[in-house]
Amino acid sequence: MNTLHRRAPGQNSQATHDRVYTLTDPQVRQDAIPVIAEAAEAVVTQARATVLAAELRERADPADQPTATADCHDYDNSPYPGPGGGCGASFLMCLACPNARIHPAHHSRLAHLHHALGNLRTALDLGQWDRQWEDGHARLEHLKAQLGTAVWTRALADVTDTDRELIALLLNGDLDP
């Protein structure tokens, strides 16, 4: 005799059916694993695709405050407040801040930072690099895609000694608040 296993609610509400019968079914749980994993991967991919919150501009605004990676439009009202007021974020977080403004004078420095972070990936344990640098690198990847290959290539060719010095200080943690 064949038995039909019902997957739809009979005399119960959908919520009761799901909670009591479906969610306790080992086959349903097993089948859900790849679906949940795929959804989690999609969330991570989407988060990385939208990590750049800085505004791109054609020129600097004299009212903005220059930082090592961008200009800050509203230092006193940071979404990452410091203990004493102002902004408490590291300079790598600037690109994730809606107060940040990036203009062409930043391109060479940011392209050099991107290159330096890529080099660090080969020199550090992958877990350590992921924890410390992956998010900043992802923001720079996003910026690179927005600016385009031609602008990025030109920016790398225009890196100055000042850019190199600032990025070295930033990577050594000498500029963190």
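Note that the numbering runs from 1 along the sequence shown for the chain. Values below: every heavy atom of this structure, side chains too, minus hydrogens, waters and symmetry copies.
In terms of hydrophobic clustering, with Ile, Leu, Val, Met, Phe, Trp and Tyr side chains grouped at heavy-atom distances under 4.5 Å, Leu117 and Leu147 are assigned to a common cluster. Transitive grouping of hydrophobic side chains (ILVMFWY, heavy atoms separated by less than 4.5 Å) brings Leu169 and Leu92 into a common cluster. Leu120 and Leu140 fall within a single hydrophobic cluster, where Ile, Leu, Val, Met, Phe, Trp and Tyr are joined by side-chain heavy atoms under 4.5 Å apart, directly or via other members. The same ILVMFWY cluster, assembled from side-chain heavy atoms under 4.5 Å apart, contains both Val151 and Leu113. Placement of Leu170 and Val159 in two distinct hydrophobic clusters is found when ILVMFWY residues are connected by side-chain heavy-atom separations under 4.5 Å, directly or transitively.
Classification of Glu141 and Arg139 as a salt-bridged pair fails, no side-chain N sitting under 4.0 Å from a carboxylate O. Taking 4.0 Å as the cut-off between side-chain N and carboxylate O, Arg109 and Asp163 count as a salt-bridged pair.
Thr69 contributes atom OG1, which lies 5.0 Å from atom CG of Leu95 (distance to the nearest 0.5 angstrom). For the atom pair CD (Glu165) and OG1 (Thr160), the distance works out to 8.0 Å, reported to the nearest 0.5 Å. Atom SG of residue Cys97 and atom CG of residue Asp74 lie 8.5 Å apart, to the nearest 0.5 angstrom. The CZ atom of Arg57 sits 11.0 Å away from the NE2 atom of His106 when rounded to the nearest 0.5 Å. Atom CG in Leu110 sits 11.0 Å away from atom NE2 in His112 (nearest 0.5 Å). Atom OH in Tyr80 sits 8.5 Å away from atom SG in Cys87 (nearest 0.5 Å).
Within a 6.0 Å sphere centred on NE2 of His103, heavy atoms belonging to other residues, nucleotides or ligands number more than 12. Crowding of Gln128 atom CD: a count of heavy atoms from other residues, nucleotides or ligands under 6.0 Å exceeding 12.
Side-chain contact between Trp152 and Leu143 is present, with heavy atoms from C-beta onward closer than 4.5 Å. Looking at Pro98 and Pro79, their side chains come closer than 4.5 Å, going by heavy atoms from C-beta outward.
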Kindly indicate, with the supporting measurements, whether the criterion side-chain contact (heavy atoms from CB on, under 4.5 Å) is fulfilled by His107 and Ile102.
CA-CA 8 Å; His107 295 174; Ile102 298 172; 4.0 Å; yes
Should Leu124 and Trp133 be marked as a side-chain contact (heavy atoms from CB on, under 4.5 Å) after you check the CA-CA gap, both sets of side-chain angles, and the distance that decides it?
CA-CA 10 Å; Leu124 296 175; Trp133 307 109; 3.7 Å; yes
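The closest donor-acceptor contact from the side chain of Asn99 to the backbone of Asn77 lies under 3.5 Å. Side-chain N or O atoms of Asn172 include none that pairs as donor or acceptor with a backbone N or O of Asp174 at under 3.5 Å. With Asp71 contributing its side chain and Arg101 its backbone, the two residues share no donor-acceptor pair below 3.5 Å. Panel note: side chain Thr153, backbone Ala150; no donor-acceptor pair is recorded below 3.5 Å.
Side-chain atoms of Asp64 and His73 form a donor-acceptor pair, as typed in the model, at a separation below 3.5 Å.
By the ring pair (Phe, Tyr, Trp, His ring centres under 6.0 Å) test, His137 is found to be paired with His114, Trp129, residues two or more places apart in sequence or in another chain being considered.
Taking each heavy atom of Ala155 and Ala111 in turn, the nearest pair found is CB-CB, 3.9 Å.
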